Amino acid sequence: MRKKIIAGNWKMNLTFDEGQKLTSEIVNMYKDEQVSDVTVVLNPPFPHLFPVKKLIGDTAGIFVGAQNCSDKDSGAYTGETSASIIASFGAQYVIIGHSERREYFKEDNELLALKVKKALENGLTPIFCCGESLEIREAGTHESNVKFQLTDSLFSLSAEEIQKVVIAYEPIWAIGTGKTASADQAQEMHQALRRHLASKYGKEVAAEISILYGGSMKPDNAKELLSKEDVDGGLIGGASLKSRDFIDIVKSY
Ligand code: PGA
């Protein structure tokens, strides 16, 4: 059975104190409101990883993840953080290939394939992001475009490895814009991606892979999006910075 996952992507937000406050609120609400069978992942900026992990403590169901990792193992790469360093601080997930990394830091499919490998080698679960721009959506080539992102970055993995990857479909035109894909648009793409995975790895393997939706998911639209058969959770940006909103999304399942 594939996991239901709600992951918060804090991006480059929150000071130490703000991060501590948000995490404590989320952990307390998660416990008090008895959220069950949803895996929650908090993805703060790097310096928060260890303190956030400590605050989560042994709360079952909540995990911490990074927003990026290096494609290298170690050495003279100033400013980079390797998957092994991330794992050594108790993180279990890492977002790879977010559209902001692709756009502002020129990360391409080939580099992202290496990052996914490093994450897996170090026991981290990659949350691999894919998604099309508005231009591509309007040209009607979004499906082939996003399938290609998967083929290029993930299809060298073995069947065993691909089952350890979480995919996040995030149409770029919906990220931080307040515009979401409709639940039907999300389902259509998620189903297409699962079929694409099945064409390479078989139906059984594809059925085990969680595919999250990301792009302006909020408490008021989460329920509809999360009710779709192939939508297995969400990658939440803006709304993950407010404990009430984030937990309300988690509870929309
Ligand atoms: P958003 O961001 O929820 O603010 O649209 C999602 C993301 O970029 O992961």
Side-chain angles (χ1 to χ4, degrees), residues 3-14 18-19 22 26 38-46 48-49 52 63-69 91-107 112 115-116 119 124-134 136-137 142 145-146 149-150 153 165-183 185-186 189-190 193 210-226 228 231-253:
K3 277 188 192 152
K4 296 174 176 179
I5 301 171
I6 301 290
N9 176 9
W10 295 7
K11 307 195 179 182
M12 196 173 73
N13 291 298
L14 306 186
E18 290 164 347
L22 178 65
I26 289 173
V38 179
T39 296
V40 169
V41 188
L42 305 181
N43 296 84
F46 285 127
H48 289 274
L49 285 182
V52 165
F63 300 88
V64 67
Q67 297 173 18
N68 180 30
C69 70
Q92 274 147 305
Y93 288 77
V94 57
I95 298 172
I96 291 179
H98 190 281
S99 59
E100 289 150 17
R101 302 275 337 154
R102 292 175 189 261
E103 182 181 351
Y104 305 136
F105 303 96
K106 307 291 170 237
E107 297 192 358
L112 299 175
K115 292 190 176 201
V116 168
L124 296 173
T125 300
I127 301 177
F128 178 80
C129 301
C130 56
E132 80 285 357
S133 63
L134 185 60
I136 288 171
R137 168 68 59 167
H142 45 288
N145 184 272
V146 178
Q149 291 177 328
L150 258 55
S153 294
V165 175
V166 170
I167 291 171
Y169 167 61
E170 299 205 304
I172 299 168
W173 46 272
I175 295 179
T177 57
K179 262 192 218 168
T180 45
S182 68
Q185 281 174 324
M189 187 61 104
H190 285 225
L193 294 180
S210 299
I211 307 180
L212 318 183
Y213 168 80
S216 299
M217 196 187 269
K218 304 260 171 348
D220 62 1
N221 58 28
K223 205 173 186 65
E224 203 189 343
L225 286 157
L226 296 170
K228 293 292 175 184
V231 177
D232 308 311
L235 181 55
I236 323 295
S240 75
L241 300 174
K242 295 183 193 132
S243 51
R244 185 70 267 160
D245 285 1
F246 185 64
I247 288 293
D248 282 347
I249 294 174
V250 175
K251 287 170 69 186
S252 305
Y253 251 128

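Heads up: numbering here begins at 1 and tracks the sequence. From a predicted model like this one, the values you see are computed outputs, not experimental measurements. Note that ligands are numbered from 1 as they come in the structure, with each ligand's atoms numbered from 1 the same way.
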**Request:** Quick one: list whatever passes side chain to side chain contact (heavy atoms under 4.5 Å, CB included) with Ser216, sequence neighbours left out.
**Result:**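 For Ser216 the side chain to side chain contact (heavy atoms under 4.5 Å, CB included) partners, ignoring immediate neighbours, are Thr177, Thr180, Lys218.
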**Request:** Without swapping roles, check the side chain of Gln67 against the backbone of Asn9 for a donor-acceptor pair under 3.5 Å.
**Result:**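 Side chain of Gln67 to backbone of Asn9, a donor-acceptor pair under 3.5 Å: no, none is there.
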**Prompt:** Can you list, by chain and residue number, every protein residue with a non-hydrogen atom closer than 4.0 Å to ligand 1?
**Reply:**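 Within 4.0 Å of ligand 1, the protein residues are Asn9, Lys11, His98, Glu170, Ala174, Ile175, Gly176, Gly215, Ser216, Leu235, Ile236, Gly237, Gly238.
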**Prompt:** What residues form a ring-ring contact (aromatic ring centres under 6.0 Å, His included) with His48, not counting sequence neighbours?
**Reply:**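 With sequence neighbours excluded, His48 shows a ring-ring contact (aromatic ring centres under 6.0 Å, His included) to Trp10, given in chain and number order.
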**Pairing residues for Tyr169 by the ring-ring contact (aromatic ring centres under 6.0 Å, His included) criterion, not counting sequence neighbours** =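 Listed in chain order: His190.
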**Item:** Shortest non-hydrogen contact from Tyr213 toward Ala186
**Value:**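 Looking at all heavy atoms of both residues, the closest pair is CD1-CB, 4.0 Å.
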**Item:** Cys129 to Leu235 - nearest heavy-atom pair and separation
**Value:**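 Nearest heavy atoms, Cys129 then Leu235: SG-CD2, 3.8 Å.
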